[in-house]
Amino acid sequence: MSATPSCRICGGSLREFFDFGRQPVADAFVAPKDLSNEFFYRLAVAVCTACTMAQLVEGIPRERMFHVDYPYVASGSADMRRHFRNVAQSFLDNELKEPGSFIVEFGSNDGIMLETVAAAGVRHLGVEPSKRVAEAAAAKGIRVRNAFFEESTAKEVFAAEGPAKVVYAANTFSHVDYVDSIFRGVDVLLAPDGIFVFEDPYLADIVERTSFDQIYDEHYYFFTVRSVQAMAAQYGFELVDVEHLPVHGGEIRYTVARPGARTPSPAVARYLDREKILGIAEQRTLDRFAANVQQLRESLRDVLVRCREQGRTVAGYGATAKSATLTNFCGIGPDLVSYICDNTPAKQGLLSPGSHIPVRSPEEFAASYPDYALLFAWNHAAEIMRKESGFQDRGGQWILYVPEVHLV
Ligand code: SAH
Ligand code: TMP
Ligand code: ZN
């Protein structure tokens with residue numbers, strides 16, 4: 001696709017603040033025989049000088065990212081299963097008490113959130129385009145429609161099921177560039193007093209922690225309270241609540257309603273003030289971020305090159321989508337990280353996109369520990385370090401790079 005010179009949401013002008021260069025599709029793990037077919041695009045990120053929304057300069061067609069072979073399964077993390085159980089329980093306790101209440105989740109993946117709703121016998125529908133994970137959810141007894149959520153899907157769901165009290169999306173709304181169609185769909189589907197709730201990585205946390213690996217094809221927008229408030233207003237909705245979450249390195253859960261339907265929480269104004277003080281979308285802040293990214297790249301390369309020179313072995317842990325940006329931008333290939341271990345069967349036996357590091361099972365990691373393990377899944381550090389305590393017991397050290405390069 002060609003570059004977008006103006007804001008995808010308000011049409012304002014974009015100011016680019018980082019260019020990662022040529023990058024592959026982050027979840028496109030590749031078989032050795034298919035290496036000649038890899039797709040690359042220019043990964044660059046910009047901020048809108050009018051509405052302040054941070055966004056990719058170039059998007060790639062959605063079918064290249066989300067399809068039958070989309071490998072990410074949300075339920076691979078016990079900590080995330082607990083997180084989504086709590087999300088579901090809170091909807092059940094506060095929003096879905098009336099008999100017949102209906103909740104729609106888009107990006108429901110393998111049903112990590114909806115399984116709790118289904119178990120409570122509450123009416124629900126997942127909308128999920130990636131067929132394999134949609135089928136995994138259906139196998140758990142969850143009602144799923146294998147489709148992209150957008151205006152036309154929402155109309156069909158409304159015609160068949162009536163209004164929804166809650167429309168929910170985790171780590172999905174910021175993945176789609178066509179927010180106009182999503183908002184029109186929510187408008188069709190949402191009950192007059194219903195809420196649209198979404199949780200996504202927070203730009204302020206990315207900037208503060210230099211977690212630049214959050215920037216890849218699937219993450220089209222990088223929300224802030226200010227930019228989401230402006231976006232909601234533009235599509236006829238009101239931002240009524242925000243909650244800062246510790247998951248995935250820092251996210252915000254936004255609650256949006258029809259204007260006047262809900263009393264706004266004081267948290268909204270508090271976060272707007274905080275973002276103003278941080279100068280979150282200002283040029284000086286984003287220039288500093290860009291300098292920190294370059295510096296992090298050098299520090300990480302230094303550590304890995306030193307390991308290689310000293311004959312130490314390094315494996316990666318967690319073949320995350322994030323690691324595509326990290327490895328390709330930092331020039332980390334199998335010469336520096338010999339393999340990546342990951343518990344996702346659909347990734348094992350393949351090579352990481354662009355950087356071509358083999359993906360193996362955690363059993364192979366435990367069978368012969370390396371000297372160092374570079375924790376690509378740093379957002380799951382507590383869970384993984386707990387699970388792999390044998391690695392440190394045998395003298396292994398974790399290499400972490402968020403918020404800076406350090407050994408544990
Ligand atoms: N909600 C889960 C999964 C996030 S991964 C979690 O937070 O862990 C993002 C998911 O959104 C993928 O399963 C992808 O197939 C799906 N997706 C992408 N675009 C979508 C769209 N327009 N409508 C519904 N789902 C979408
Ligand atoms: P995520 O950061 O996008 O959630 O991806 C995490 C990746 O790490 C995913 O491919 C699964 C993998 N993983 C493990 O291999 N072991 C684990 O214990 C956890 C939590 C994740
Ligand atoms: Zn804008």
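Whatever order the structure lists ligands and atoms in, that order sets their numbers, starting from 1. Numbering of residues begins at 1 and proceeds along the displayed sequence.
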Asker: Is the shortest side-chain N to carboxylate O distance from Asp79 to Arg82 below 4.0 Å?
Answerer: yes

Asker: Check Asp193 with Arg258, please: is the shortest side-chain N to carboxylate O separation under 4.0 Å?
Answerer: no

Asker: Would you please say whether a donor-acceptor pair under 3.5 Å links the side chains of Glu388 and Tyr317?
Answerer: yes

Asker: Please write down residue, atom name and distance for the protein heavy atom closest to atom 7 (O) of ligand 1.
Answerer: Asn171 ND2, 2.8 Å

Asker: Using the Zn ion (ligand 3) as the vertex, how large is the angle between SG of Cys7 and SG of Cys48, rounded to 10 degrees?
Answerer: 110°

Asker: Any idea which atoms of ligand 2 are less than 4.0 Å away from a heavy-atom of Gly318?
Answerer: 8 (O)

Asker: Would Asn109 count as a polar contact of ligand 1, with the cut-off being nitrogen or oxygen pairs under 3.5 Å?
Answerer: yes

Asker: For atom 1 (P) of ligand 2, what is the closest protein heavy atom, and at what distance to 0.1 Å?
Answerer: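 Going by distance alone, atom 1 (P) of ligand 2 is nearest to His380 NE2, 3.6 Å.
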
Asker: Give, for atom SG of Cys341 and atom CZ of Arg360, the distance between the pair rounded to the nearest 0.5 Å.
Answerer: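 Between atom SG of Cys341 and atom CZ of Arg360 there are 10.5 Å.
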
Asker: Can you list the atoms of ligand 2 that are under 4.0 Å from a heavy atom of Thr320?
Answerer: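 Ligand 2 atoms under the 4.0 Å threshold to Thr320: 2 (O), 5 (O), 6 (C), 7 (C).
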
Asker: Could you check whether the rings of Phe183 and Phe196 sit parallel, tilted or perpendicular, using 30° and 60° as the cut-offs?
Answerer: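 Plane angle over 60°, so perpendicular.
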
Asker: As a check for students: among Pro129, Ala137, Ala74, identify the option with a heavy atom nearest to atom 25 (N) of ligand 1.
Answerer: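 Comparing heavy atoms across Pro129, Ala137, Ala74, the nearest one to atom 25 (N) of ligand 1 lies in Pro129.
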
Asker: Side-chain donor-acceptor pair under 3.5 Å between Tyr70 and Glu218, yes or no?
Answerer: yes

Asker: When you compare the side chains of His219 and Asn171, does any donor N or O come within less than 3.5 Å of an acceptor on the partner?
Answerer: no

Asker: Return the closest protein heavy atom for atom 3 (O) of ligand 2 as residue, atom name and distance.
Answerer: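 Sorting protein heavy atoms by distance from atom 3 (O) of ligand 2 puts Tyr72 CE1, 3.5 Å first.
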
Asker: Could you check whether Glu135 pairs with Lys140 (Lys NZ or Arg NE/NH1/NH2 to Asp/Glu carboxylate O, under 4.0 Å)?
Answerer: no

Asker: Is there a side-chain contact between Glu95 and Ile195 (heavy atoms, below 4.5 Å)?
Answerer: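 Heavy-atom side-chain distance check passes, below 4.5 Å.
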
Asker: Before accepting this row, confirm whether a basic side-chain N of the pair Asp110/Arg81 lies closer than 4.0 Å to the acidic partner's carboxylate O.
Answerer: no

Asker: Does some non-hydrogen atom of Glu128 fall short of 4.0 Å from ligand 1?
Answerer: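 Yes.
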
Asker: Which one of Asn343, Asp213, Asp79 has a non-hydrogen atom at the shortest distance from atom 16 (N) of ligand 2?
Answerer: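 Nearest option to atom 16 (N) of ligand 2, by heavy atoms: Asn343.
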
Asker: Which residue owns the protein heavy atom closest to atom 10 (C) of ligand 1, what's the atom, and how far is it?
Answerer: Thr172 OG1, 3.7 Å

Asker: Verify whether one side chain among Thr344 and Asp342 offers a donor that lies under 3.5 Å from an acceptor in the other.
Answerer: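 Their side chains do contain a donor-acceptor pair, which is all the 3.5 Å distance test asks for.
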
Asker: Quick one: does Tyr317 get an N or O within less than 3.5 Å of an N or O on ligand 2?
Answerer: no

Asker: Hey, is Arg262 close enough to Glu238 for a salt bridge, meaning N to O under 4.0 Å?
Answerer: no

Asker: Of the backbone atoms (N, CA, C, O) and the side-chain heavy atoms from C-beta on, which set of Phe198 has a member under 4.0 Å from an atom of ligand 1: side chain, backbone, both, or neither?
Answerer: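 Neither part.
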
Asker: Starting from atom 5 (S) of ligand 1, find the nearest protein heavy-atom neighbour and note its residue, name and distance.
Answerer: Tyr70 OH, 3.7 Å

Asker: At what distance is the nearest protein heavy atom to atom 21 (C) of ligand 1, and which residue and atom is it?
Answerer: Phe149 N, 3.6 Å

Asker: Considering only non-hydrogen protein atoms, determine which one is nearest to atom 22 (N) of ligand 1 and report residue, atom name and distance to 0.1 Å.
Answerer: Tyr178 OH, 2.9 Å

Asker: Mind checking whether Phe376 has a heavy atom under 4.0 Å from ligand 2?
Answerer: no

Asker: Please list, in number order, the atoms of ligand 2 under 4.0 Å from a heavy atom of Ser77.
Answerer: 20 (C)

Asker: Polar contacts were defined as any N/O atom of the residue lying under 3.5 Å from an N/O atom of the ligand; does this apply to Arg62 and ligand 1?
Answerer: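 No: no nitrogen or oxygen of Arg62 is under 3.5 Å from one in ligand 1.
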
Asker: Quick one: which of Asp342, Asp27, Val247, Thr344 has a heavy atom closest to atom 8 (O) of ligand 2?
Answerer: Asp342

Asker: Output the list of atoms in ligand 1 that are nearer than 4.0 Å to some heavy atom of Val176, sorted by atom number.
Answerer: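 Within the 4.0 Å cut-off of Val176, ligand 1 contributes 19 (N), 22 (N).
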
Asker: Among the heavy atoms of Lys347, does any lie under 4.0 Å from an atom of ligand 2?
Answerer: yes

Asker: Can you find an N/O atom of Phe148 closer than 3.5 Å to an N/O atom of ligand 1?
Answerer: no

Asker: Regarding Glu275 and Arg226, does a basic nitrogen lie under 4.0 Å from an acidic carboxylate oxygen?
Answerer: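 No.
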
Asker: Between Phe391 and Tyr369, what is the ring plane arrangement, given parallel below 30°, perpendicular above 60°, and tilted in between?
Answerer: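 The rings of Phe391 and Tyr369 sit tilted, inter-plane angle from 30° to 60°.
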
Asker: Would you mind listing which atoms of ligand 2 come within a distance below 4.0 Å of any non-hydrogen atom of His248?
Answerer: 4 (O)

Asker: Could you tell me which atoms of ligand 2, counted from 1 in the order shown, lie closer than 4.0 angstrom to a heavy atom of Asn379?
Answerer: 1 (P), 2 (O), 4 (O)

Asker: Run the salt-bridge test on Glu150 and Arg62 with the 4.0 Å N-O cut-off and return the result as yes or no.
Answerer: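 Yes, charged N to carboxylate O under 4.0 Å.
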
Asker: Between SG of Cys330 and CD of Gln294, what distance do you get to the nearest 0.5 Å?
Answerer: 9.0 Å

Asker: Kindly check if the number of other-residue, nucleotide or ligand heavy atoms within 6.0 Å of CD (Gln295) is above 12?
Answerer: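 No, the 6.0 Å shell around CD holds no more than 12 heavy atoms from other groups.
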
Asker: Identify, by atom number and element, the atoms of ligand 2 in contact range of Glu383, meaning under 4.0 Å from any of its heavy atoms.
Answerer: 20 (C)

Asker: Could you tell me whether Lys322 approaches ligand 2 through its side chain, its backbone, both or neither, with non-hydrogen atoms closer than 4.0 Å?
Answerer: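 Under 4.0 Å from ligand 2, Lys322 contributes side-chain atoms alone.
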
Asker: Looking at Lys387, which atoms of ligand 2 are within less than 4.0 Å of one of its heavy atoms?
Answerer: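 It comes down to these atoms of ligand 2: 17 (C), 18 (O).
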
Asker: Would Gly107 count as being in polar contact with ligand 1, using the rule that some N or O on each side must be under 3.5 angstrom apart?
Answerer: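 So ligand 1 has an N or O lying under 3.5 Å from an N or O of Gly107.
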
Asker: Using heavy atoms and a threshold below 4.0 Å, how should the contact between Phe66 and ligand 1 be classified: side chain, backbone, both, or neither?
Answerer: side chain

Asker: What do you reckon, does Ile112 put a non-hydrogen atom under 4.0 Å from ligand 1?
Answerer: no

Asker: What closest approach, in Å, do Ala319 and Lys347 show between heavy atoms, and which atom pair accounts for it?
Answerer: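 Closest pair (atom of Ala319, atom of Lys347, distance): O-NZ, 2.9 Å.
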
